[in-house]
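Worksheet for the structure shown next.
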Amino acid sequence: MSAQTDVAIRGTRSAGGPGLRARAGTVARSAALWVIAAVLVLLAGIVTVLVRGGENTATLHYESTGEDGGRAFVEVLRDHGRDLTTTERYGDAVAAVDRGETVLIYADAYALTGEAIEDLSDRARDSGARLILVDPQYSIEDWTDALLYDTVVGQQAPSVLPPGCSATVPSTAGNVANPGQGSEYFTTVSEPEDSLLCYTEDPTDPAPHGLFVTVPHGEGTITTLSSDWLLNDTLAAEGHMSLVAGVLTTEQPITYYYPVERDQPTGADGGTPGAGAVWLFPQWAVALLLWSVPVVLVALLVYGRRMGPLAIEPLPVIVPAAETVRGRSALLQRASGRAEALRDLRAAALVRLGRRLALPPDTPAAEVAARAAAASGLDPEWTEGVLLTEVPRDDSSLIRIAIDITTIESEVHPL
């Protein structure tokens, strides 16, 4: 075996690139960014769960299981076959109103903007939707001009109120709790037509009024409910669930809209529903978008950092031949370039054989192989396969062919 072939063979086998530990380190460094990103996403999820507690605990929210939550009446209605949908999206409420369905709205305090109230009221008047408002209080005057809200200064003692009217639903429900706030809804006409006023705190007042009111509203109706009748803590009280189920007893789909400020129309945007486009995305998507900002910054820092000062190397650089051979062999092995490695071995062997046989430099490779077989007394087909045609399928076959090449060279003596 010639020295050059021996170096090439041993270099191909031994200089195989970095070991397992080095390769593992390279993979770890390349995956560091993704590990950091995964940790940030995990921390975001943990913080979100800790902050939100897994559910919205706002008053009468359909997810809240607290005493003042509203999950109980939602689940009871669903258990009794009601087609009830819950939503915080203003667009969903608008679509339900436009379809003329029954829409239950938590309208307490400043839950809705004036533009949202006006928009929903106008749409319900045209579509014939049934609007059921929970504690609208003074905002009832923005919903309809048929009702006014009035309250008595000072707290009254809580009590139980009888229906005080002949309507079917209140009569079936019976007595309900009076929160003792001294507040009721009054009609703006002395004898309202097609109106229903029940549960009156002061039966001696000649003006039509009550806590439970239904008035015509265009093609539909507007009904008011006290929040004390829907809370998880008071729903089981006498008459409460019966009254709620009676009001929401309809074959049409029911939508419970719990308003949030983020997507309601406001005066600043001209009353256009869905003021901020970003809030059309679910909350988890918005949180993920916010957490992607530090992840991108980390990525920029990782890929943009300099790997130390620039190294200045004097030229020309002298590299030993043996080092070049080993380096090339290592690259070929890492790339599984057996055919390329064998092509180099064969080319070098054919050049040496041509010189030993005193052949011209432009002699075809097939003729060199034939002359070598004749000079060495070896099988011409075997010699041609070793020097020209045989293909290495694995490392073992490559080593065997390299040894056969060395054997052919050793059998051909210079002329």
Distance in Å, [X] [atom1] paired with [Y] [atom2], rounded so as to fall on 0.5 Å steps:
X	Y	atom1	atom2	answer
Thr86	Ile254	OG1	CD1	12.0 Å
Cys198	Leu211	SG	CG	10.0 Å
Arg400	Asp395	CZ	CG	13.0 Å
Leu225	Leu104	CG	CG	7.0 Å
Arg82	Thr85	CZ	OG1	14.0 Å
Thr172	Leu243	OG1	CG	10.0 Å

Give a yes or no on whether a salt bridge exists between Asp394 and Arg338, defined as a side-chain N under 4.0 angstrom from a carboxylate O.
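Judged by the 4.0 Å cut-off on N to carboxylate O distance, Asp394 and Arg338 do not form a salt bridge.
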
Are Arg326 and Glu323 ion-paired here, with the side-chain N under 4.0 Å from a carboxylate O?
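No.
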
Identify the heavy atoms of [X] and [Y] that sit nearest to each other, and give their distance.
X	Y	value
Ala402	Leu345	CB-CD1, 3.9 Å
Trp143	Leu131	CZ3-CD1, 3.8 Å
Thr255	Ala96	OG1-CB, 3.5 Å
Gln264	Leu112	OE1-CA, 3.2 Å
Arg346	Val386	NE-O, 2.9 Å
Ala111	Pro259	O-CB, 3.4 Å

Let me see the working for Asp98 and Ser127 under side chain to side chain donor-acceptor pair (under 3.5 Å), right down to the final yes or no.
CA-CA 6 Å; Asp98 288 343; Ser127 66; 5.4 Å; no

Hey, mind stepping through Arg352 and Glu409 against salt bridge (Lys or Arg N to Asp or Glu O under 4.0 Å) and telling me if it holds?
CA-CA 8 Å; Arg352 289 191 294 270; Glu409 288 192 73; 2.7 Å; yes

If we ignore hydrogens and angles and just use 3.5 Å, is the side chain of [X] paired with the main-chain N or O of [Y] as donor and acceptor?
X	Y	result
Asn175	Glu238	no
Ser139	Pro136	yes
Ser397	Pro392	no
His240	Ala236	no
Asp194	Pro216	no
Asn232	Ala72	yes
Glu101	Gln252	no
Thr113	Pro265	yes
Thr188	Asp145	yes
Thr363	Pro360	yes

Test ring-ring contact (aromatic ring centres under 6.0 Å, His included) applied to His217 - qualifying residues, sequence neighbours left out
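For His217 there are no ring-ring contact (aromatic ring centres under 6.0 Å, His included) partners, ignoring immediate neighbours.
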
Of all residues at least two apart in sequence or in a different chain, which pass the ring-ring contact (aromatic ring centres under 6.0 Å, His included) check with Tyr257?
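Partners of Tyr257 under the ring-ring contact (aromatic ring centres under 6.0 Å, His included) test: none.
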
Evaluation steps, side chain to side chain contact (heavy atoms under 4.5 Å, CB included), between Asp150 and Glu184
CA-CA 6 Å; Asp150 192 18; Glu184 294 179 314; over 6 Å; no

Do we see a donor-acceptor contact under 3.5 Å between the side chains of [X] and [Y]?
X	Y	result
Ser227	Asp135	yes
Asp92	Tyr90	no
Asp404	Thr407	no

Can you establish whether the number of heavy atoms outside [X] located under 6.0 Å from its atom [atom1] is more than 12?
X	atom1	value
Glu390	CD	yes
Glu340	CD	yes
Asp379	CG	yes
Glu75	CD	yes
Arg125	CZ	yes

Compare all side-chain heavy atoms of [X] with those of [Y] and state whether any distance is below 4.5 angstrom.
X	Y	answer
Leu77	Leu248	yes
Val94	Val97	no
Met241	Val76	yes
Asp68	Leu60	no
Val74	Tyr256	yes
Phe73	Leu231	no
Asp108	Gln137	yes
His61	Arg71	no

Can you pull the ring-ring contact (aromatic ring centres under 6.0 Å, His included) pairs that have at least one residue in residues 348-403, sequence neighbours excluded?
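Sorted pair list comes back empty.
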
Side chain to side chain contact (heavy atoms under 4.5 Å, CB included) evaluation trace for Ile132 with Val103
CA-CA 6 Å; Ile132 302 174; Val103 182; over 6 Å; no

Go through the steps for Tyr199 and Val213 under the test side chain to side chain contact (heavy atoms under 4.5 Å, CB included), then give the verdict.
CA-CA 9 Å; Tyr199 299 110; Val213 177; over 6 Å; no

Please work out which of the three classes, parallel, tilted or perpendicular, describes the rings of Tyr149 and Tyr185, given edges at 30° and 60°.
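Correct class here is tilted.
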
How are the rings of Phe212 and Trp229 set to each other: parallel, tilted or perpendicular (split at 30° and 60°)?
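Tilted: the ring planes of Phe212 and Trp229 meet at 30° to 60°.
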
Under the side chain to side chain contact (heavy atoms under 4.5 Å, CB included) rule, what do Leu133 and Ile222 come out as? Steps first, then yes or no, please.
CA-CA 7 Å; Leu133 309 178; Ile222 286 182; 3.9 Å; yes

